[in-house]
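Encoded as structure tokens, the structure appears first; notes follow it.
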Amino acid sequence: MTMRRVNIAILVLAVIIFLLVLHHNLLGLSDILRSEITDSNPLGLQPIDFIPAAPQRLEDERNDQEISVVIAASDERLGGAIAAMNSIYRNTKSNVVFYIVTLNDTVDHLRLWLRNTALKNLRYQIVHFDPRVLEGKVEVDAQKAGSIKPLTFARFYLPNLVPHAEKAIYVDDDVIVQDDILELYNTPLKPGHAAAFSDDCDSTTNKVAVRGAGNQYNYIGFLDYKKETIRKLAMKANTCSFNPGVFVANLTEWKLQNITKQLEKWMTLNVVEELYSRTLAGSITTPPLLIVFYKQHSSIDPLWNVRHLGSNAGRRYSPQFVKAAKLLHWNGHFKPWGRTASYAEVWEKWFVPDPTGKFSLIRRHPEAYEAK
């Protein structure tokens with residue numbers, strides 16, 4: 001009887017030791033998996049901060065599919081990026097992860113804004129953009145200090161910014177999303193196409209003329225067709241251009257076609273040969289994209305990039321049309337955090353006040369801040 005009790009005691013002790021060892025191994029495996037999620041480190045574009053998981057309650061409400069959204073955030077326009085992310089997050093149940101591309105001097109301000117407001121549950125990664133990657137590729141005007149904004153070129157380096165994703169959305173910081181971003185993410189791309197843009201000749205934004213020769217809705221408005229290098233490409237001057245402020249990218253195809261290297265090639269050639277139109281009214285990021293994606297891009301629904309709200313053309317839109325738009329884009333000189341932009345009150349509904357007080361906003365519509 002005594003021997004039987006001893007055997008039982010030994011058996012119980014062995015079971016306890018086995019369970020302790022198993023528990024220890026599971027904890028070690030968990031640490032390894034956690035480190036694999038947070039230790040991504042793309043060359044020249046350094047991840048600074050990452051929130052890997054939302055609270056369980058929000059995870060239960062949201063879809064499992066991860067949607068990568070890339071947005072640039074400069075310090076002087078940080079309020080724009082904050083409002084854009086807030087509008088995306090509040091209008092979807094999808095598992096959105098924001099890749100916020102910025103410079104080192106903006107990181108602390110951005111982190112405080114996200115952590116100390118209603119945006120604290122956002123899933124995001126802050127990625128440092130190294131302006132040195134642009135050396136020799138962008139001509140700097142010594143007479144115009146700050147004429148080149150490095151972050152505007154971040155969209156050229158999407159595979160480096162989101163190294164593990166097969167697909168991503170890029171949005172400018174002067175947009176507001178009014179529908180589920182999942183719909184834009186699911187935009188079908190044709191075989192061999194690395195991106196989908198909204199054409200400038202579509203029914204919502206067609207033929208907005210710019211001062212001087214050329215128009216902002218076709219290739220001649222962005223490229224100098226007097227240059228032999230441009231003529232040799234045999235691109236029709238009246239080809240409809242597209243807006244690169246909102247697009248969906250197939251990153252697998254992007255890498256296969258080496259799109260980033262192609263874009264850098266045309267940037268470098270422009271420094272030497274001045275290939276861009278002298279009447280260029282749009283961003284200097286547009287011409288190389290037009291060349292590389294000439295007749296090689298898919299299209300997004302025009303309602304997912306209703307633009308020109310930052311110009312006088314935006315005043316032509318009816319309130320009913322603006323309400324129906326899925327994405328509003330204040331491209332142009334007038335931004336919604338300023339005085340004169342069209343439908344700025346719509347943007348203000350999504351703005352989250354800066355807890356540090358650094359980003360000032362003229363509050364023309366105080367009631368806009370009550371709900372968000």
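Residue numbers count from 1 along this sequence. Quick note: numbers below take in every heavy atom, side chains included, and nothing from hydrogens, waters or symmetry partners. No experiment lies behind these values; they were computed from the predicted model shown.
In this structure, Arg132 contributes its side chain and Asp130 its backbone to no donor-acceptor pair below 3.5 Å. Between the side chain of Gln257 and the main chain of Gly192, a donor-acceptor pair closer than 3.5 Å is present. Without hydrogens or angle criteria, Gln178 side chain to Ala325 main chain gives a donor-acceptor distance under 3.5 Å. With hydrogens and angles disregarded, no donor-acceptor distance shorter than 3.5 Å links the side chain of Tyr185 to the backbone of Asp180. At distances below 3.5 Å, at least one donor-acceptor pair connects side-chain atoms of Asp354 with backbone N or O atoms of Phe359. Between the side chain of Asn270 and the backbone N or O of Tyr276, at least one donor-acceptor pair lies under 3.5 Å. Under a 3.5 Å cut-off, the side chain of Asn86 and the backbone N or O of Trp350 do form a donor-acceptor pair.
The distance from atom CD of Glu66 to atom CD of Glu166, rounded to the nearest 0.5 Å, is 11.5 Å. Here Ser68 contributes atom OG and Leu161 contributes atom CG; the two are 11.0 Å apart, rounded to the nearest 0.5 Å. Rounding to the nearest 0.5 Å gives a distance of 10.0 Å between OH of Tyr89 and OG1 of Thr92. Rounded to the nearest 0.5 angstrom, Asp173 CG and Thr152 OG1 are separated by 10.5 Å.
Note: Trp330 and Phe334 fail the aromatic proximity criterion, with ring centroids not under 6.0 Å apart.
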List the steps, then state whether side-chain hydrogen bond (donor to acceptor under 3.5 Å, both in side chains) holds for Thr260 with Trp254. CA-CA 8 Å; Thr260 296; Trp254 190 292; 3.1 Å; yes

Residues His128, Thr102; criterion side-chain contact (heavy atoms from CB on, under 4.5 Å); working and verdict: CA-CA 5 Å; His128 170 247; Thr102 191; over 6 Å; no

side-chain contact (heavy atoms from CB on, under 4.5 Å) between Phe98 and Leu114, worked out: CA-CA 12 Å; Phe98 293 97; Leu114 292 172; over 6 Å; no

Run the numbers on Tyr124 and Val96 for side-chain contact (heavy atoms from CB on, under 4.5 Å), then give the verdict. CA-CA 8 Å; Tyr124 66 89; Val96 175; over 6 Å; no

Does Ile82 form a side-chain contact (heavy atoms from CB on, under 4.5 Å) with Leu110? I'd like the steps, not just the answer. CA-CA 9 Å; Ile82 290 291; Leu110 172 60; 4.3 Å; yes

Please test Asp172 against Tyr170 for side-chain hydrogen bond (donor to acceptor under 3.5 Å, both in side chains), starting from the C-alpha separation and ending with a verdict. CA-CA 7 Å; Asp172 277 346; Tyr170 174 86; 3.0 Å; yes

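Side-chain polar atoms of Asp199 and His297 form a donor-acceptor pair below 3.5 angstrom. With 3.5 Å as the limit, one finds a donor-acceptor pair spanning the side chains of Glu264 and Tyr157.
By the 4.5 Å heavy-atom criterion applied to side chains, Ile181 and Asn91 are not counted as neighbours. Within the 4.5 Å cutoff, side-chain heavy atoms of Arg77 are placed close to those of Lys335. When side chains are defined from C-beta on, Val306 counts as touching Tyr317, because their heavy atoms get closer than 4.5 Å. Side-chain contact between Lys137 and Leu263: absent, with no pair of heavy atoms (C-beta onward) separated by less than 4.5 Å. Looking at heavy atoms from C-beta onward, Phe293 lies out of side-chain contact with Phe247 at the 4.5 angstrom threshold. A heavy-atom distance below 4.5 Å is found between the side chains of Leu223 and Met235. Residues Asn312 and Arg315 form a side-chain contact, since some pair of their non-hydrogen atoms from C-beta on lies under 4.5 Å apart. At a threshold of 4.5 Å between non-hydrogen side-chain atoms, the residues Thr187 and Asp301 do not count as touching.
In terms of heavy atoms, Tyr219 sits closest to Leu290 at OH-O, 2.7 Å. Minimum interatomic distance between Trp304 and Glu183 (heavy atoms only, all atoms of both residues): NE1-OE2, 3.2 Å. Taking every heavy atom of both residues into account, Gly245 and His329 meet most closely at CA-CE1, 3.9 Å. Shortest non-hydrogen contact noted between Gly80 and Trp347 is CA-CZ2, 4.0 Å. Pro288 and Met267 get closest at one heavy-atom pair: CG-CG, 4.3 Å. When every heavy atom of Leu327 is checked against every heavy atom of Val246, the shortest pair comes out as CD2-CG2, 3.8 Å.
Side-chain heavy atoms closer than 4.5 Å link hydrophobic residues (I, L, V, M, F, W, Y) into clusters, and following such links, possibly through other members, connects Leu233 to Ile220. Follow the hydrophobic side-chain contacts under 4.5 Å out from Tyr294 and you reach Phe242 in the same cluster.
Here Lys227 pairs with Asp224, Ile230, Glu274, Leu275 under the side chain to side chain contact (heavy atoms under 4.5 Å, CB included) rule; sequence neighbours left out.
Look at Glu228 and Arg231 and you find no salt bridge, because none of the NZ, NE, NH1 or NH2 atoms lies under 4.0 Å from a carboxylate O. Salt bridge Lys358/Asp75: absent, no basic N to carboxylate O contact under 4.0 Å.
Of the residues Thr106, Leu78, Thr356, the one that meets the side-chain contact (heavy atoms from CB on, under 4.5 Å) test with Trp113 is Leu78.
In this structure, Phe156 and Phe153 have perpendicular ring planes: the angle between them is above 60°, well past the 30° mark.
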